[in-house]
Every structure is written in C-alpha cells, then in structure tokens.
Amino acid sequence: MALAAFVRLQIALDAAVSVKPNPNGLPGIPALQKLVDGLAAVALLGCVAGVLIGAAQWALGSRSNNYSHASDGKSKVLYGLLGAFVIGAAAAIINFFYSSGSTVK
C-alpha cells in the first residue's frame with residue numbers, strides 16, 4: 001500500500017510541466033492589453049497630479065517657513081516620481097523576472 005503511494009508520487013514528480021505564455025491563446029487578450037494600457041495612463045496622470053500638488057505644497061511650505069508642509073510636499077513629489085518610474089519599468093521588471101524564472105530547471 002505504501003509502495004503504491006510512493007510509486008504514484010514518484011510518477012507525479014517526474015511529470016514534466018511547462019508554461020509558455022501565448023498572447024493568442026485566449027479570446028479577449030487584446031482588450032485586456034488595452035485595459036492595462038489605459039490603467040497605466042490613468043496611473044501616470046495620478047503621478048503627474050501628485051508631483052504638481054507636492055511641488056505647490058513644498059513651495060508654499062518653504063515660503064511660509066512651515067517645515068511640516070514643505071516636508072510633506074517633498075515626499076509627495078518623490079512618491080509621484082517613484083510611481084512614474086515603477087509604471088514605466090513595470091513591463092521590463094516583469095519580463096526580467098519571467099525570463100530569469102524560466103531558466104530554472
């Protein structure tokens with residue numbers, strides 16, 4: 001009984017499984033691609049708004065000698081720029097990790 005379970009487990013472990021993404025494999029992939037592109041555009045607009053609001057807050061805080069507002073404005077500018085970088089680099093980061101992971105045997 002235990003031997004049969006071990007043999008089944010060994011057969012299951014020896015089975016070769018592979019994943020090969022195919023953009024034409026399912027219907028609706030072009031629509032999903034457009035959706036993701038639109039979402040990235042909206043996120044970039046949010047980053048631009050964050051940078052502009054942060055820059056205004058930074059300037060007004062510095063001008064009025066309000067360290068807290070100036071510091072918050074700097075943070076908003078930094079987060080907006082960092083968000084834009086991540087959005088722009090997202091595809092390259094995903095592709096890098098996919099290609100790195102696909103070399104593992």
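What you see below is based on every heavy atom in this structure, not just the backbone, and it leaves out hydrogens, waters and symmetry mates. All figures in this text were calculated on a predicted structure; none of them were measured in a lab.
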Item to check | Tyr79, OH: over 12 other non-hydrogen atoms inside 6.0 angstrom | outcome: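 No, OH of Tyr79 has 12 or fewer neighbouring heavy atoms, counting only those of other groups under 6.0 Å.
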
Checklist entry - Taking a hydrophobic cluster as the set of Ile, Leu, Val, Met, Phe, Trp and Tyr residues connected by side-chain heavy atoms closer than 4.5 Å, whether directly or through intermediates, do Leu26 and Leu32 fall within one such cluster? => result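 Yes.
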
Checklist entry - Is there a path of hydrophobic side-chain contacts, each under 4.5 Å between heavy atoms of I, L, V, M, F, W or Y residues, that connects Trp58 with Val51? => result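 Yes; Val51 is reachable from Trp58 via cluster members.
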
Item to check | Close side-chain approach of Leu81 to Cys47, heavy-atom, < 4.5 Å | outcome: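 They are not in contact (no side-chain heavy atoms under 4.5 Å apart), so the answer is no.
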
Checklist entry - When you measure from the side chain of Ser62 to the backbone N and O of Ala59, does any donor-acceptor pair fall under 3.5 Å? => result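 Such a contact is absent between Ser62 side chain and Ala59 backbone.
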
Item to check | Sidechain-backbone polar pair: Ser71 side chain, Ser68 backbone, donor-acceptor under 3.5 Å | outcome: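 Not a single qualifying donor-acceptor pair exists.
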
Item to check | From Ile29 atom CD1 to Leu35 atom CG, the distance as rounded to the nearest 0.5 Å | outcome: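 CG of Leu35 is found 11.5 Å from CD1 of Ile29.
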
Checklist entry - From Asp72 CG over to Ile53 CD1, what is the distance, rounded to the nearest 0.5 angstrom? => result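 Rounded to the nearest 0.5 Å, the CG-CD1 separation comes to 13.0 Å.
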
Checklist entry - Minimum heavy-atom separation for Pro21 to Tyr98, with atom names? => result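 Minimum heavy-atom contact is CD-OH, 2.9 Å.
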
Checklist entry - Do you know the tightest heavy-atom contact between His69 and Gln57? => result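 Closest heavy-atom pair between His69 and Gln57: O-CG, 3.4 Å.
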
